[in-house]
Amino acid sequence: MLERVGLADMRAWSRAERARGRRIGFVPTMGCLHEGHLRLVDRARELADRVVVSIFVNPLQFGPQEDLARYPRDLARDRTLASDRGVDCLFVPEAGAMYPEPPVARVVPGAPADMLEGAARPGHFAGVLTVVAKLFHLVEPDVAVFGRKDFQQAMLVKRLVQDLDFPLTIDVMPTIRELDGLALSSRNTYLSTDERRGPALALSRALRAMEQAWRGGDADPAAVKRAGMDALAAPGVMSEYCALIGEDLQPVTRATAHTVALVAARVGTTRLIDNVVLGEGIGADPRVA
Ligand code: PAF
């Protein structure tokens with residue numbers, strides 16, 4: 001049965017479960033749950049005995065011109081979805097409890113947080129890593145599950161855990177897609193019907209184009225990126241970047257099966273990101289890549 005827990009009780013809940021010999025799996029979210037989040041829940045269930053999902057729209061990771069105020073929130077729906085998926089604990093801290101005053105101490109990530117999403121959204125990853133560190137301290141999970149859709153975030157969280165010796169493991173799950181290739185994201189709710197049917201699909205098309213260029217024998221990152229940028233150059237799409245990096249978040253000098261191709265673009269007022277591991281591709285089952 002799903003329990004809803006606030007900040008004051010979270011740690012006690014986890015410790016009581018651990019005292020009963022249970023492993024805690026954790027899925028941090030900002031709510032507006034979709035099938036992508038629920039697959040992370042399924043994975044946490046495979047890896048642990050109890051599953052905690054947090055819902056917290058973290059103000060620290062939004063820039064002043066970003067969508068904090070309009071970020072989609074529907075706690076009643078999230079609660080039903082979490083309960084139906086067998087989540088044991090929904091951790092919903094209040095913003096005032098998480099940050100009674102603006103934090104003085106924060107996690108300051110290094111250079112890999114300044115490129116790509118970090119370049120487009122200055123301070124974003126300091127906000128993400130600070131809240132993730134707080135959530136890890138409050139939930140004390142044995143394992144936390146993140147989606148590969150936010151590849152740079154997932155890799156930076158891995159480094160957070162490694163560099164600051166958090167006693168947990170990070171599991172990263174493949175992206176879940178709509179049948180037409182669009183990666184699931186809470187921000188897809190911003191798209192109009194026309195944007196959703198047309199321009200939004202340019203991102204997965206760009207990833208396919210990059211993958212095809214690479215499979216066609218092009219290992220030169222500039223050529224692979226060019227194939228992606230050409231595919232992004234579609235009406236209604238404002239491309240931001242096509243990039244090729246390794247798991248270490250460093251740009252590659254040669255594209256290989258392990259190289260991650262990433263794209264970012266604006267469709268109307270909605271900023272979308274997506275990525276694929278070149279050797280894995282978008283996948284035969286279009287819901288998983
Ligand atoms: O990916 C997200 O939803 C957020 O960045 C996270 C990890 C929950 C931190 O606020």
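Both ligands and their constituent atoms are indexed starting at 1 by order of listing.
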Exercise. Do the side-chain N and O atoms of Tyr241 and Glu117 include a donor-acceptor pair separated by under 3.5 angstrom?
Worked result: yes
Problem set entry | Numbered atoms and elements of ligand 1 in range of Val131, under 4.0 angstrom, heavy atoms |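 Answer for ligand 1: 9 (C), 10 (O).
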Exercise. Do ligand 1 and Thr29 have nitrogen or oxygen atoms that lie under 3.5 Å from each other?
Worked result: no
Problem set entry | Shortest protein contact, atom 5 (O) of ligand 1 (heavy atom only) |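 The protein heavy atom lying closest is Gln153 OE1, 2.7 Å.
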Problem set entry | Heavy-atom side-chain contact between Glu247 and Val260 under 4.5 Å |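 Side chain of Glu247 against side chain of Val260, heavy atoms only: no contact under 4.5 Å found.
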For this session: Only heavy atoms count here, so choose which of Gln61, Met30, His37, Lys149 is nearest to atom 9 (C) of ligand 1.
Result: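 Comparing heavy atoms across Gln61, Met30, His37, Lys149, the nearest one to atom 9 (C) of ligand 1 lies in Gln61.
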For this session: Report the distance from atom CG of Leu262 to atom CE of Met115, rounding to the nearest 0.5 Å.
Result: 8.0 Å
Exercise. Does the side-chain contact (heavy atoms from CB on, under 4.5 Å) test come out yes or no for Ile245 and Val252, once each step is laid out?
Worked result: CA-CA 5 Å; Ile245 60 176; Val252 296; 5.6 Å; no
